[in-house]
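Structure record follows, encoded as structure tokens.
Whatever order the structure lists ligands and atoms in, that order sets their numbers, starting from 1.
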Amino acid sequence: MPIVIAVTNQKGGVGKTTTAINVAYFLAKAGKKTLLIDFDPQGNATSGLGVNKAELQSSMIDVVKGDSDLASAVLRTEHKNLWLAPTTSILANTEVELAQADKKFSRLKHAIDASGDAYDFIIIDSPPSLSLLTVNGLIAAKYVLLPVQAEFYALEGLGQLLETMKLVRKGMNPALELLGVLPTMLDSRTTLSSQVHEEIKRHFPGKVFDITIPRNIRLAEAPSHGVPIGVYDKFSKGSRAYKALAKEVITRTQDSLEAAAS
Ligand code: ATP
Ligand code: MG
């Protein structure tokens, strides 16, 4: 079965999509068959991989509505081992429709379960809210990857997300785990950045990734070219960081699965 990771933080603009795209890309580059699911109605992961939302035949909307299986929505990307399940902004309306629907929290989980062994990793990009869609992601996933922007208010509001994870664990997905907290947009020139990094480590002992993501303009430029950072500028600081992060994700998931098996 695939290792499913939801990239989640209800705070906006903390680097979820940048992380989802680039971790997925480098997992694929490391030989892991990887599916990136765009589960945010903003569709940034879709456009960030150069897909024109207006031309989509099928998307995650059809999948969550139950009109289509995951395989029919998935697109092969130009990058080896990397597939994309795109979305369009209509996913936001779908959320309203879903609110009345049967099994509204487990739509994504069922779609993923039915896709069998097609992928080694599935990365879900979540919207900046604790919405029905985000909860669908938490129920479908084994792991949460939590990007936290290195800024003054970084930790504010995270209690709510942890509380939601706790509820999901008590209810529909007892296996859900925090894979790691990822400090993003670190600026090594400022003391604030390193103070916040220290505070994040104090707050999440043992749970912070060794790798941090620096603030790097190349990471912000890459989506407008429709490619991951490893294609746009593979020698940039941002690219090196996400490549190392993908490696750490592979190690952490292997360690966790081995610990569960023994
Ligand atoms: P949303 O909550 O709206 O979905 P998000 O959490 O997915 O946002 P991103 O879209 O990944 O966040 O990043 C927010 C903005 O910051 C984007 O313009 C992105 O290009 C930029 N950005 C992300 N990471 C970095 C970085 N390490 N260095 C510089 N810019 C970055
Ligand atoms: Mg996003």
Please confirm if an N, O or S atom belonging to S126, backbone or side chain, lies less than 2.8 Å from the Mg ion (ligand 2). no
Close approach, T184 and ligand 1, non-hydrogen under 4.0 angstrom: no
Is P214 close enough to touch ligand 1? Criterion: a residue heavy atom under 4.0 Å from a ligand atom. yes
Do ligand 1 and N44 have nitrogen or oxygen atoms that lie under 3.5 Å from each other? no
Between the side chains of R218 and D233, is the shortest nitrogen-to-carboxylate-oxygen separation below 4.0 Å, so that they form an ion pair? yes
NZ of K207: more than 12 outside heavy atoms within 6.0 angstrom? yes
Is the number of heavy atoms from other residues, nucleotides or ligands within 6.0 Å of NZ (K11) greater than 12? yes
Within reach of ligand 1, part of D40 (heavy-atom separation under 4.0 Å): side chain
For atom 29 (C) of ligand 1, the protein heavy atom that lies nearest, with its residue and separation: N216 O, 3.3 Å
L219 heavy atoms within 4.0 Å reach ligand 1 at atoms 26 (C), 27 (N)
Counting only heavy atoms not in E198, do more than 12 fall under 6.0 Å of its CD? yes
Could you tell me which atoms of ligand 1, counted from 1 in the order shown, lie closer than 4.0 angstrom to a heavy atom of I213? 27 (N)
Compute the shortest N/O to N/O distance between G13 and ligand 1 and return yes if it is under 3.5 Å, no if not. yes
For atom 20 (O) of ligand 1, what's the nearest protein heavy atom and its distance? A220 CA, 3.2 Å
Under 4.0 Å from a heavy atom of G12: give me the atoms of ligand 1 that qualify, with their elements. 2 (O)
Roughly how far apart are S72 OG and L75 CG, rounded to 0.5 Å? 11.0 Å
Could you tell me whether a side-chain N or O of K33 sits under 3.5 Å from a main-chain N or O of N81, the two making a donor and an acceptor? no
Return a yes/no value for V14: is any of its N or O atoms, backbone included, closer than 3.5 angstrom to an N or O of ligand 1? yes
Given 3.5 Å as the limit, does a donor-acceptor pair link the side chain of K80 with the main chain of A28, or not? no
Hydrophobic cluster membership, I139 vs L133, 4.5 Å side-chain cutoff: yes
Tell me whether Q42 has any N or O atom under 3.5 angstrom from an N or O of ligand 1. yes
Counting only nitrogen or oxygen atoms and a 3.5 angstrom limit, does G15 reach ligand 1? yes
Contact check: T17 vs ligand 1, nitrogen or oxygen atoms, below 3.5 angstrom: yes
Side chains of I213 and L186 in contact at under 4.5 Å (non-hydrogen atoms): no
Could you say whether the N/O atoms of K16 and ligand 1 ever approach to under 3.5 Å? yes
Strictly less than 4.0 Å: does any protein heavy-atom distance to atom 17 (C) of ligand 1 fall in that range? no
Is at least one protein non-hydrogen atom found at under 4.0 angstrom from atom 25 (C) of ligand 1? yes
Taking the six-membered ring of F235 as reference, does the NZ or CZ atom of R240 fall below 6.0 Å from its centre and within a 45° cone about the axis? no
Closer than 4.0 Å to some heavy atom of P128 - which atoms of ligand 1 meet that? 2 (O)
4.5 Å side-chain heavy-atom contact, V144 and I5: no
Below 3.5 angstrom, do we get any N/O pair linking D125 and ligand 1? no
Approximate separation, where rounding is to 0.5 Å, of K237 NZ and I217 CD1: 11.0 Å
Donor-acceptor pair, side chain of S193 and main chain of R189, under 3.5 angstrom: no
Atom 9 (P) of ligand 1 - nearest protein heavy atom and its distance: T18 OG1, 3.6 Å
